[in-house]
Every structure is written in C-alpha cells, then in structure tokens.
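This report concerns only the one structure given below.
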Amino acid sequence: GQDTLNRLAIDPYFKTLERAKTDEESYVYRFAKEMFPSLADAKIVEKATDFLDDHKDFPVYVIKPLKVGRQITEQMIRGQELSRKVGWK
C-alpha cells in the first residue's frame, strides 16, 4: 500500500535533494519540505541525520525542513512505541 510506496521513495528523496542544491531556492525548499518521507521509520531519521552531517554547507532553506521532518518522524516513532505499550494498535 501507501507505506510500501513511501519506503521506496526514501533513498530517491535524499539523492534528489543532494543534486538539487544549485536549483532555484523556492523549488528546493518546497521539495525538501513537501516531499520529506512521512513514515514513522527509523531509517528516515538515520538518512536525514546522515544527510545533515554530510551536507553542512547546504543552505538553511534545505537544512530547516530536514530538521523539522526528522523531529516529526522521531515524534511519530515515540508515539507508536507508547501506543504499543498501552495496548493501542
């Protein structure tokens, strides 16, 4: 389903973002923000962290959406863990 398609998009998202550094600012910002993978998956946190560590020279309009997306993903993961502890599905 949708999760499978989202998982397939993780690697291409980060590869495209890397190549887009020199593209038009508003496009790169919107791409970084709107296309950030929306799954509660530790792989996304890892990939975002690696990207941020490896691309410290990227403009803030790319860095900020990545940090926000990573934080939201971490919150989703914690929420899922908590819901499993209390017996929610």
Side-chain angles (χ1 to χ4, degrees):
Q2 188 70 28
D3 282 356
T4 302
L5 292 175
N6 283 335
R7 285 186 207 303
L8 292 173
I10 295 170
D11 289 334
Y13 168 80
F14 287 100
K15 288 177 185 171
T16 300
L17 191 57
E18 188 170 0
R19 290 191 312 264
K21 179 182 179 184
T22 58
D23 289 348
E24 199 269 320
E25 180 178 324
S26 66
Y27 167 77
V28 178
Y29 168 75
R30 291 198 57 152
F31 178 83
K33 181 180 177 190
E34 304 297 334
M35 299 302 290
F36 192 89
S38 61
L39 287 170
D41 188 325
K43 179 180 179 184
I44 296 169
V45 173
E46 179 183 328
K47 296 283 279 183
T49 300
D50 289 348
F51 189 94
L52 290 165
D53 289 346
D54 293 344
H55 299 90
K56 294 182 187 303
D57 62 328
F58 264 55
V60 69
Y61 59 83
V62 175
I63 299 298
K64 184 177 179 181
L66 284 175
K67 287 183 175 182
V68 170
R70 179 181 63 181
Q71 183 179 22
I72 291 169
T73 303
E74 289 169 333
Q75 292 169 346
M76 290 188 310
I77 292 168
R78 284 194 300 274
Q80 283 184 344
E81 291 168 353
L82 180 60
S83 68
R84 281 193 287 274
K85 285 182 183 178
V86 298
W88 297 345
K89 289 191 174 198

Query raised in the report: Does Ser38 have any side-chain hydrogen bond (donor to acceptor under 3.5 Å, both in side chains) partners at least two apart in sequence or in another chain, and if so, which?
Result: none
Query raised in the report: Which residues satisfy the salt bridge (charged side-chain N to carboxylate O under 4.0 Å, His left out) test with Asp11, sequence neighbours excluded?
Result: Lys43, Lys47
Query raised in the report: Other than Ile63, what residues sit in its cluster of Ile, Leu, Val, Met, Phe, Trp and Tyr side chains whose heavy atoms are under 4.5 Å apart, directly or through others?
Result: Ile10, Tyr13, Phe14, Leu17, Tyr27, Val28, Tyr29, Phe31, Met35, Phe36, Leu39, Ile44, Phe51, Leu52, Phe58, Tyr61, Val62, Leu66
Query raised in the report: So how far is it from Leu8 CG to Asp3 CG, rounded to the nearest 0.5 Å?
Result: 11.0 Å
Requested in this report: List in chain and number order the residues that pass salt bridge (charged side-chain N to carboxylate O under 4.0 Å, His left out) with Arg30, two or more places apart in sequence or in another chain; answer none if no residue qualifies.
Outcome: none
Query raised in the report: Quick one: side-chain hydrogen bond (donor to acceptor under 3.5 Å, both in side chains) partners of Asp57, sequence neighbours excluded?
Result: Lys21
Query - All pairs passing salt bridge (charged side-chain N to carboxylate O under 4.0 Å, His left out) where residues 63-81 contributes a residue, at least two apart - result: none
